[in-house]
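I have placed the structure first, in the form of structure tokens, so that the comments after it can refer back to it.
Here the structure is a predicted model, which is why all the values come from computation and not from measurement.
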Amino acid sequence: MNLVLFDLDNTLLAGDSDYEWGQFLIAKGAVDGAHYAAKNKAFYEDYKAGQLDIYAFLAFALRPLATHSRVQLEAWRAEYVETRIKPMMTPAARDLVKRHLDEADLVAVITATNSFVTAPIAREFGIAHLIATDPEEIDGRFTGEVHGTPCFREGKVARLQHFLAGLGTQLDQLDSSWFYSDSHNDLPLLEIVQHPVAVDPDPTLHAHAQEKGWPVISLR
């Protein structure tokens, strides 16, 4: 089996879907604008600096899911994908995904952004498999809490291992494994695949990729 993994934010997308979802909610008046914008920006800066407290961020980011009906959330999400996400899907990213879908046995998006936000984005790329942070649901409503292990840093490795175990395999049994990412936060996973690829990387990942001799590409 040949496995290809794509990070989503700032990798396949020319932007960050989690941050843009927050900005979209502000524009819709679904959250307290000024306070939410400041917190959203602060968490995003922490992420880029490699200092993100993932549980503090998820307590913030998942709360709006618990305060609005599923019908309203899904209507907003459809508009958000059309207006915020599709413009961030570059032809180069679509072409790369298509090439791997044609050649690989298994292609998946693996992202720290929650699965409610990212499921339709993966589908838009034609990717059937999504490994993402899961918001907790009870009786069809989101609780504002996270379910299971957040798909972030070392948690991304754990979630991949669980995903592969469900298919009856593990990483070292695969014929080949690829992972495309822009972020140094993904180094735990980049270090263990056979073919790590840095995509429009942040400075830390760019330096690491050069030191390791990893390919560096752009999808912009």
Nearest-0.5 Å distance that lies between atom CZ in F179 and atom CG in L189: 4.5 Å

Atom pair OG1 (T149) and CG (D134), whose distance is rounded to the nearest 0.5 Å: 10.0 Å

Hphob cluster co-occupancy, L62 + F57, side-chain heavy atoms under 4.5 angstrom: yes

P196 versus V193, closest heavy-atom pair with distance: N-CG2, 3.7 Å

Approximate separation, where rounding is to 0.5 Å, of Q194 CD and S177 OG: 4.0 Å

Residues K28, E79; criterion side-chain contact (heavy atoms from CB on, under 4.5 Å); working and verdict: CA-CA 11 Å; K28 285 293 173 186; E79 181 182 350; 3.0 Å; yes

For R70, the option from H68, Q72, E74 that meets side-chain hydrogen bond (donor to acceptor under 3.5 Å, both in side chains): E74

Check: T133 side chain, A112 main-chain N or O, donor-acceptor pair, under 3.5 Å: yes

Minimum-distance pair of heavy atoms, taken over all atoms of S69 and R141: CA-NH1, 4.0 Å

Under 3.5 Å side-chain donor-acceptor pair for T143 and E136: yes

Carboxylate-amine/guanidinium proximity below 4.0 Å for K156 and D186: yes

CG-NE2 distance between L3 and H195, expressed to the nearest 0.5 angstrom: 11.0 Å

Derivation of the side-chain contact (heavy atoms from CB on, under 4.5 Å) call for Y47 and F152: CA-CA 10 Å; Y47 169 80; F152 180 65; 3.6 Å; yes

Any donor-acceptor N/O pair, D105 side chain to N2 backbone, under 3.5 Å: yes

Name each donor-acceptor pair under 3.5 Å that joins a side chain in residues 206-220 to protein atoms two or more places apart or in another chain, with its distance.
residue : atom : partner : partner atom : Å
H208    : NE2  : E191    : OE2          : 2.6
S218    : OG   : D200    : OD1          : 2.6
S218    : OG   : R220    : N            : 3.3
R220    : NH2  : N10     : O            : 3.3

Closest non-hydrogen atom pair between A108 and I127, with its separation: CA-CG2, 3.8 Å

E145 with R63: basic N within carboxylate O range, under 4.0 Å: no

Shared hydrophobic cluster, V107 / L8 (ILVMFWY, side-chain heavy atoms < 4.5 Å): yes

Side-chain donor-acceptor pairs of residues 17-26 under 3.5 Å, sequence neighbours excluded:
residue : atom : partner : partner atom : Å
S17     : OG   : D9      : OD1          : 2.6
E20     : OE1  : R84     : NH1          : 3.0
Q23     : OE1  : N40     : ND2          : 3.1

Taking every non-hydrogen atom, the tightest pair across F125 and V97: O-CG1, 3.4 Å

L12 with M88, same ILVMFWY side-chain cluster at under 4.5 Å: yes

Any residue meeting side-chain contact (heavy atoms from CB on, under 4.5 Å) with D32, in chain and number order, not counting sequence neighbours: H35

Spacing of L164 atom CG and L106 atom CG [to the nearest 0.5 Å]: 7.0 Å

Verify same cluster id: I192, W178 (apolar side-chain graph, 4.5 Å): no

For the student: nearest non-hydrogen atoms of P120 and V81, plus distance: CG-CG2, 4.0 Å

Minimum heavy-atom distance between L205 and S183, given as atom pair plus value: CD2-N, 3.4 Å

Results of side-chain contact (heavy atoms from CB on, under 4.5 Å) for A132 - residues two or more places apart only: T111, S115, T118, L130

Near-ring test H129/F163, centroid separation under 6.0 angstrom: yes

Check: R153 main-chain N/O paired with N185 side-chain donor or acceptor under 3.5 Å: no

Ionic contact status for R99 with D95, cut-off 4.0 Å: no

Y180/H100 aromatic ring centres below 6.0 Å: yes

P135 vs V146 side-chain heavy atoms within contact, under 4.5 Å: no

side-chain contact (heavy atoms from CB on, under 4.5 Å) assessment of E124 paired with M89: CA-CA 9 Å; E124 189 66 31; M89 298 172 65; 3.3 Å; yes

Enclosure of K39 NZ (heavy-atom neighbours >12, cutoff 6.0 Å): no

Single-linkage hydrophobic cluster, 4.5 Å side-chain cutoff, F6 and V117 together: yes

Donor + acceptor pair across side chains of T169, Q173 (<3.5 Å): yes

Qualifying residues under ring-ring contact (aromatic ring centres under 6.0 Å, His included), relative to F60, sequence neighbours excluded: Y36, F43

Contacts of type side-chain contact (heavy atoms from CB on, under 4.5 Å), residue H162, not counting sequence neighbours: none

Spacing of T11 atom OG1 and L5 atom CG [to the nearest 0.5 Å]: 11.5 Å

